[in-house]
Amino acid sequence: MQTFSELATQFSAYFNKEHFPQTPQSLYDPARYFLGLGGKRVRPVACLMGNELFDDLKGDTWNVAVAIELFHNFTLIHDDIMDKAPLRRNQPTVHHKYGESTALLAGDVMLVAAYEYLNKITVPVASKIVNLFNKSAKEVCEGQQLDMDFEQSLDVDFDAYLHMINLKTSVLLGGSLQMGALLGGAGARNQNLIYEFGRKLGLAFQVQDDYLDAFGDPEKFGKQTGGDIMANKKTFLLIHALQTATAVQRQELNALLQTNTPDKVHGVLKMFQQCGVDAWAVELKERYLQEALQHLDDIAVVSKRKEPLKQLALFLIQREH
Ligand code: IPE
Ligand code: IPE
Ligand code: MG
Ligand code: MG
Ligand code: MG
């Protein structure tokens, strides 16, 4: 079993090649631009790790890993349009640099490229892989729609939030690990356990993402901080703040949410701090991390082989970017 960083280096070498034709440049340059910005490559490496937990890496696993990363990048390009985000990976987002219509198409063509890689796999479990990929992809769209629906709603509770982040974020991490495990020859029980490990880890990952969106160091985070607050996103921070606020604080917070002034972010952050959301973030991440690790423990493989996945879990919840 190799570590996350060893596999990430190998994956980058494999992934950083030409995925698109030269012309029209006005379409493919933006797609190339975005892939060239890098990223942590968490999901494709999770897929490789899922395979390695059970057996030596298969050639087809690399194709699936590439398909997953292309799919993820497609979702980010479109997500940045939906979220009106100007920055990602410390650089201008595709729609800010090239316009919304081009960003839509650059995302679309990336999704098609993902399926081209998926179409290369020849293992007997190929159709199971495609089904799992498609299931996760549809769920991401469902989660993204709920995320936007919630911007307009004033009473999103914690369970609704969990349901939404499970779809928009967790299922792809769980699915990536499961696809790897399937390619590594894991049986149904172990596949389910690694999926659940990834799903719970995905919840902790999104909690950290929401936290960083509010309190992260913009230099390290690479995205505009306060973006969720400006877009009225229903994050766990806001839900917890509204739940624990005094009547006066809740009134103040609700009033701030109705505004769109430049000091909105500052005001909401102050309320978040008063309501102790940072301590709650730590508690929440820890809870999902422990649940994730329990599923990992239950996988019928010698525990030494699980060490890199444990390290990955710890990295993901402590990350600053
Ligand atoms: C961002 O994912 C989207 C979320 C689900 C929060 P990552 O934080 O993995 O993005 P990159 O690929 O490393 O930039
Ligand atoms: C997006 O969640 C998840 C997907 C792209 C599917 P966010 O909107 O929180 O992701 P970031 O913060 O822009 O990366
Ligand atoms: Mg979003
Ligand atoms: Mg976003
Ligand atoms: Mg976010």
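As the structure lists them, so they are numbered: ligands from 1, and atoms in each ligand from 1. For this chain, numbers begin at 1 and follow the sequence in order.
- Here Y98 and Y33 bring their ring centres to under 6.0 angstrom of each other.
- The shortest N or O to N or O distance between D209 and ligand 1 is not below 3.5 Å.
- Closest to atom 6 (C) of ligand 2, if we only count protein heavy atoms, is K168 O, 3.3 Å.
- In the model, E286 has a side-chain atom that pairs as donor or acceptor with a side-chain atom of Q290 under 3.5 Å.
- Contacts between Q208 and ligand 1 below 4.0 angstrom, taking non-hydrogen atoms only, are absent altogether.
- For ligand 1, the polar-atom distance check against R88 finds no nitrogen or oxygen pair separated by under 3.5 Å.
- Only the side chain of L76 comes within contact range of ligand 1, with a heavy atom under 4.0 Å; no backbone atom does.
- The atom name of the N/O/S atom in D83 closest to the Mg ion (ligand 3) is OD2.
- For the residue pair D209/Q206, the side-chain donor-acceptor check at 3.5 Å is satisfied.
- Residue contact check for ligand 1: H321 places no non-hydrogen atom closer than 4.0 Å to it.
- Only the side chain of R43 comes within 4.0 Å of ligand 1, judged by heavy-atom distances.
- Checking D147 against the Mg ion (ligand 3), every N/O/S atom stays at or beyond the 2.8 Å cut-off.
- Taking the six-membered ring for Trp and the full ring otherwise, the centers of F133 and Y115 sit less than 6.0 Å from each other.
- Between K40 and ligand 1, a contact under 3.5 Å exists for at least one N or O pair.
- Contacts with ligand 1 closer than 4.0 Å are made by no heavy atom of V42, backbone or side chain.
- Just one of E151, K264, Q152 meets the side-chain hydrogen bond (donor to acceptor under 3.5 Å, both in side chains) condition when paired with N232; it is K264.
- Residue-level proximity to ligand 1 for R89 is carried by the side chain, the only part with a heavy atom below 4.0 angstrom.
- Taking every non-hydrogen atom of Q144 and a distance limit under 4.0 Å, the qualifying atoms of ligand 2 come out as 1 (C), 3 (C), 4 (C), 5 (C), 6 (C).
- Regarding atom 10 (O) of ligand 1, its nearest protein heavy-atom neighbour is H72 NE2, 3.6 Å.
- Atom-to-atom distance recorded for Q145:CD and M164:CE is 11.5 Å, nearest 0.5 angstrom.
- Side-chain atoms of N166 and Y161 form no donor-acceptor pair, as typed in the model, at a separation below 3.5 Å.
- Residue D147 does not touch ligand 2, judged by heavy-atom distances below 4.0 Å.
- Looking at Y117 and H19, their side chains do bring a donor and an acceptor atom within 3.5 Å of each other.
- Between H95 atom NE2 and H78 atom NE2 the span is 11.5 Å, to the nearest 0.5 Å.
- Atom-to-atom distance recorded for M179:CE and L132:CG is 5.0 Å, nearest 0.5 angstrom.
- Of all protein heavy atoms, the one lying nearest to atom 1 (C) of ligand 2 is D79 OD1, 3.6 Å.
- The aromatic rings of F11 and W62 sit parallel, their planes meeting at an angle under 30°, below the 60° perpendicular limit.
- Close contacts between ligand 2 and V140 involve ligand atoms 6 (C) [criterion: under 4.0 Å to a heavy atom].
- Atoms of ligand 1 lying under 4.0 Å from any heavy atom of T169, numbered from 1 in the order shown and given with element: 5 (C).
- When each of L172, L146, V140 is tested with L167 by the rule side-chain contact (heavy atoms from CB on, under 4.5 Å), just one qualifies, namely L146.
- Here the closest heavy-atom approach between residue K58 and residue N51 is recorded as N-OD1, 3.1 Å.
- Not a single N or O atom of Q206, backbone or side chain, sits closer than 3.5 Å to an N or O atom of ligand 1.
- The Mg ion (ligand 3) sits nearest to atom OD1 when only the N, O or S atoms of D79 are considered.
- The protein heavy-atom contact nearest to atom 8 (O) of ligand 2 is D83 OD2, 2.8 Å.
- Close approach of ligand 1 to R319 is summarised as follows: ligand atoms under 4.0 Å from at least one heavy atom of the residue are 8 (O).
- Ranking protein heavy atoms by distance to atom 14 (O) of ligand 2, first place goes to K223 NZ, 2.5 Å.
- Grouped with M82 in one hydrophobic cluster are M148, the linkage being side-chain heavy-atom contacts under 4.5 Å among Ile, Leu, Val, Met, Phe, Trp and Tyr residues.
- Of the polar atoms of T75, none of the N or O atoms is found under 3.5 Å from an N or O of ligand 2, judged by distance alone.
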